[in-house]
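Throughout, protein chains are lettered first and strands after them, A, B, ... in sequence-line order, and every chain is numbered starting at 1.
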Amino acid sequence: MIIKCNNLNIKQIADSGQTFRWYERKDHYVVVANHRAVSMTQLSDGIELDDENSIWKHYLDIDRDYNAIMTHYKGKDDFLDAAMDYGSGIRILNQDPFETIMTFIISANNNIKRITSSVLALSNNFGTYLKTIDGVDYYDFPTPEQLREVSVESFRNCGVGYRDKYLYGCVQDILNKKIDLEAIKSLSDIELRQALMRLKGIGEKVANCVILFAYARYEGFPVDTWIKKVLSEHYGIEKDHKIFVESYFKPYGGIAQQYLFFYGRR
DNA sequence: TACCAGGCAACTT
DNA sequence: AAGTTGCATGGT
């Protein structure tokens, strides 16, 4: 399947820190999502996928006009202009809430390489086999049900460190309906964030990642160490980040944040 | 060797 | 309410 789309750069999305399941291979990428593993190739005016399912258009947020969003911010300040120019192929993916919750719990005080390896270990150890591509087996991210009997120690063995107990508790809380990841879709941005923060291991930053990357809430503006550095060095903001970013970058703060993160971390 | 990485919960003041 | 501290682990 060929998807025509400007503002879609595979490498930029893979390196943007919103997903940890885009794998760079020789002349293409392998993307694991939507209970599938696909081969994705960059074209000059879009991408080619070896899969016909229309879910990928939603996953890649194809119907949203990112050019219009960038136009909205154009000229606001030099740093954001440069960031949008540098990362103009980034899109905000529509990812699975459970997978996003688990991977961003792992992300806390961690680095992208190790997050990626932990997510791979969780999938290979506990997820459903999907496909073999060029001799590599790909597994789906496990469901809560598949993780029901997984112990704190088994999580630890995936390299997640002290976050093991948070992952375990999160799975149990979902299975026990302390939180319903489908039902909370109807909540407001603020209520949704608060609902997620009831889970151990999810603070304000991780909750913002989840509402942005899994619930398409662009009010979510994750402030991590890189964004703090950007705000400090280029906007003169040392504290009260929240107050500044919520007014300055609205109404697509989360999208602007992705450009800033990607450019600031280069 | 110390410091850092898409922070958080628990504790202290 | 606001500030401080410990935390697994691999990379630099």
Under 4.0 angstrom, heavy atoms only, what part of the nucleic acid is A/G159 near: base, sugar-phosphate, or nothing? nothing
Using a 4.0 Å heavy-atom cut-off, does A/I202 contact any base of the nucleic acid, only the sugar-phosphate backbone, or nothing at all? sugar-phosphate
Under 4.0 angstrom, heavy atoms only, what part of the nucleic acid is A/E204 near: base, sugar-phosphate, or nothing? sugar-phosphate
Does the distance from a Lys or Arg side-chain N to an Asp or Glu carboxylate O, for A/D61 and A/R91, drop under 4.0 Å? no
Rounded to whole Å, please give me the gap between NZ in A/K165 and P in C/dC7. 10 Å
Span that lies between the P atom of C/dG10 and that of B/dA9, in whole angstrom: 24 Å
Scan A/L212 against the nucleic acid and name what it touches under 4.0 Å (heavy atoms): base, sugar-phosphate only, or nothing. nothing
Using a strict threshold of under 4.0 Å (side-chain N to carboxylate O), is an ion pair present between A/K229 and A/E233? yes
Does the structure place the NZ or CZ of A/R266 under 6.0 Å from the centre of the six-membered ring of A/Y263, at an angle of no more than 45° from the ring's axis? yes
Using a heavy-atom cut-off of 4.0 Å across all strands, would you classify A/I112 as base, sugar-phosphate, or nothing? sugar-phosphate
Could you state the atom-to-atom distance from CG of A/L167 to C1' of C/dT9 in whole Å? 14 Å
Does a side-chain N or O from A/T225 land closer than 4.0 Å to OP1 or OP2 of B/dC4, or not? no
A/K205 atom NZ is separated from B/dA9 atom C1', nearest whole Å, by 17 Å
Report the distance from atom CD1 of A/I115 to atom P of C/dA8, rounded to the nearest whole Å. 17 Å
For A/F155 and C/dT9, give me the distance from atom CZ to atom P, rounded to whole Å. 16 Å
Determine: side-chain N/O of A/K200 to OP1/OP2 of B/dA10, distance under 4.0 Å, yes or no. yes
Rounded distance (Å) that lies between atom P of B/dC3 and atom NZ of A/K229: 17 Å
Under 4.0 Å between a Lys/Arg side-chain N and an Asp/Glu carboxylate O for A/E204 and A/K242? yes
Upstream residue (5' side of DNA chain B) when A/R163 and A/V206 are each assigned their closest nucleotide: A/R163
Looking at C/dA8, B/dA5, B/dC8, which one has an atom nearest to any side-chain atom of A/Y162? C/dA8
Need one value for A/S16: base, sugar-phosphate or nothing, where a base atom within 4.0 Å counts as base even if backbone is also close, heavy atoms only. base
Whole-angstrom distance between C/dA8 and B/dC11, as gauged at atom P: 14 Å
Look at all strands and tell whether A/Y166 reaches a base, only sugar-phosphate, or nothing, counting heavy atoms closer than 4.0 Å. sugar-phosphate
Using the six-membered ring of A/F104, assess whether NZ or CZ of A/K205 lies under 6.0 Å from its centre and within 45 degrees of the ring axis. no
Rounded distance in Å between the C1' positions of C/dG3 and B/dA5: 23 Å
For A/K113 and A/N109, take the nucleotide of DNA chain C holding the closest heavy atom to each; which residue's nucleotide lies nearer the 5' end? A/N109
Rounding to an integer number of Å, can you tell me how far A/N111 CG sits from C/dT12 P? 9 Å
Look at the side chain of A/R114 against the base of C/dA8 and say whether a donor-acceptor pair falls under 3.5 Å; ignore hydrogens and angles. yes
Electrostatic pair A/D51-A/R36, nearest N-O below 4.0 angstrom: yes
Interatomic distance where CG belongs to A/N157 and C1' belongs to C/dT9 [whole Å]: 13 Å
